[in-house]
Amino acid sequence: MGKVVLARVDSRLIHGQVATNVSKAAGANALFVADDYSANDEFTKNIILGAGASTGHKIRVLKEDGAVRYWNDRKYDDFNVILLTKNIEVMYKIIKAGVPITNLNIGGLPLVPGATSIIKEVSINKEQLDLLIDLQNSYPDMDIYFQATPSLKKITLNEAIKMFE
């Protein structure tokens, strides 16, 4: 049986830092992207597959519900997976649909109007914060944190909550 060693929200999905530093620190041998647009667009899908190819990891580009189906049907085979989504909302749906996550890393979301900067690389709005709080309340053993790369400072969800008070 496989497992999700790290769930990561990153608007860029797979890029150099994820393919090298993050995957090594997590002990991953597979990178699974769950994104409807990327799964349905051959050009984007091929870019993602190409970006991950040099890592030696198994790369899959799945539809968002496909990430749930693959877990339900095959328990991600024997892979140690980093599961990547572009946003918190999609990751929330995947977790609520039953894919077991113990580590949720919010690693890259650009600053947009109405968002609060948590770390330089991550900004979220109140609605996204509420989804993360709901996950924390529903799955108290889940470690939810903000960190761009393993060598940078980690900000906990509780620290982020204080930024909204």
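By convention here, the first residue in the shown sequence is residue 1.
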Asker: Side-chain heavy atoms under 4.5 Å apart, restricted to Ile/Leu/Val/Met/Phe/Trp/Tyr: what other residues fall into the cluster of I47, or is it alone?
Answerer: F43
Asker: Do L129 and I95 belong together in a cluster built from hydrophobic side chains that touch within less than 4.5 Å?
Answerer: yes
Asker: With heavy-atom distances below 4.5 Å as the criterion, would you say the side chains of L131 and E89 are in contact?
Answerer: yes
Asker: Compare all side-chain heavy atoms of N137 with those of I133 and state whether any distance is below 4.5 angstrom.
Answerer: yes
Asker: List the steps and the verdict of side-chain contact (heavy atoms from CB on, under 4.5 Å) for K3 and N80.
Answerer: CA-CA 5 Å; K3 68 177 184 173; N80 288 332; 3.7 Å; yes
Asker: At their closest point, which heavy atom of I119 faces which heavy atom of A148, and how far apart are they?
Answerer: CD1-N, 3.7 Å
Asker: With sequence neighbours excluded, tell me which residues meet side chain to side chain contact (heavy atoms under 4.5 Å, CB included) with T149.
Answerer: Q17, S151, L152
Asker: State the CE-CG distance between M91 and D10, to the nearest 0.5 angstrom.
Answerer: 10.0 Å
Asker: Is there a path from V68 to M142 through hydrophobic residues (I, L, V, M, F, W, Y) whose side chains come within less than 4.5 Å of each other?
Answerer: yes
Asker: Evaluate the side-chain contact (heavy atoms from CB on, under 4.5 Å) criterion for residues T116 and I124: first the C-alpha distance (whole Å), next the side-chain angles of each, then the deciding distance (0.1 Å), finally the verdict.
Answerer: CA-CA 5 Å; T116 298; I124 63 171; 5.6 Å; no
Asker: Return all side-chain donor-acceptor pairs below 3.5 angstrom for residues 97-115, not counting sequence neighbours, or 'none' if the list is empty.
Answerer:
unit_1	atom_1	unit_2	atom_2	d
N105	OD1	R8	NH1	2.6
N105	ND2	Q147	O	2.8

Asker: Can you list everything that forms a side chain to side chain contact (heavy atoms under 4.5 Å, CB included) with A51? Sequence neighbours excluded, please.
Answerer: I14
Asker: List the atom of S38, the atom of L13, and the distance in Å for their closest heavy-atom pair.
Answerer: OG-CD1, 3.8 Å
Asker: Salt bridge (Lys or Arg N to Asp or Glu O under 4.0 Å): which pairs involve residues 37-61, sequence neighbours left out?
Answerer: none
Asker: Would a single hydrophobic cluster contain both V122 and L6, if residues Ile, Leu, Val, Met, Phe, Trp and Tyr are joined by side-chain heavy-atom contacts under 4.5 Å?
Answerer: no
Asker: Would a hydrophobic clustering, with Ile, Leu, Val, Met, Phe, Trp and Tyr connected at side-chain separations under 4.5 Å, put I94 with Y37?
Answerer: no
Asker: Once side chain to side chain donor-acceptor pair (under 3.5 Å) is applied, what residue pairs with a partner in residues 156-165 remain, sequence neighbours excluded?
Answerer: T156-E159
Asker: Between I144 and L132, which heavy-atom pair has the shortest distance, and what is it?
Answerer: CD1-O, 3.6 Å
Asker: Cluster question for you: counting only ILVMFWY and a side-chain heavy-atom cut-off of under 4.5 Å, with indirect links fine, are W71 and V81 together?
Answerer: yes
Asker: As a test of understanding, state which of D77, D78, N72 forms a side chain to side chain donor-acceptor pair (under 3.5 Å) with R74.
Answerer: D77
Asker: Under the ring pair (Phe, Tyr, Trp, His ring centres under 6.0 Å) definition, can you give me all pairs with a residue in residues 126-165, not counting sequence neighbours?
Answerer: none
Asker: Could I get the full list of ring pair (Phe, Tyr, Trp, His ring centres under 6.0 Å) partners for Y92, not counting sequence neighbours?
Answerer: none
Asker: Might you point out which heavy atoms bring A67 and L83 nearest each other, and give the distance in Å?
Answerer: CB-CD1, 4.4 Å
Asker: Starting at OG1 of T55, measure out to CG of L31 and round the result to the nearest 0.5 Å.
Answerer: 5.5 Å
Asker: Can you measure from CG (L84) to OG (S11) and round to the nearest 0.5 angstrom?
Answerer: 11.0 Å
Asker: Please, which pairs that meet ring pair (Phe, Tyr, Trp, His ring centres under 6.0 Å) have at least one residue in residues 51-70, sequence neighbours excluded?
Answerer: F32-Y70, Y70-Y76
Asker: Any idea which heavy atoms bring I82 and A28 closest together, and the distance?
Answerer: CG1-CB, 3.6 Å
Asker: Please enumerate all residues that pass side-chain hydrogen bond (donor to acceptor under 3.5 Å, both in side chains) together with K126, with sequence neighbours excluded.
Answerer: D130
Asker: Quick one: which residue pairs count as a salt bridge (Lys or Arg N to Asp or Glu O under 4.0 Å) with a foot in residues 23-35, not counting sequence neighbours?
Answerer: D35-K86
Asker: Not counting sequence neighbours, list each pair that qualifies as a salt bridge (Lys or Arg N to Asp or Glu O under 4.0 Å) and has a residue in residues 134-144.
Answerer: K96-D134, D143-K154
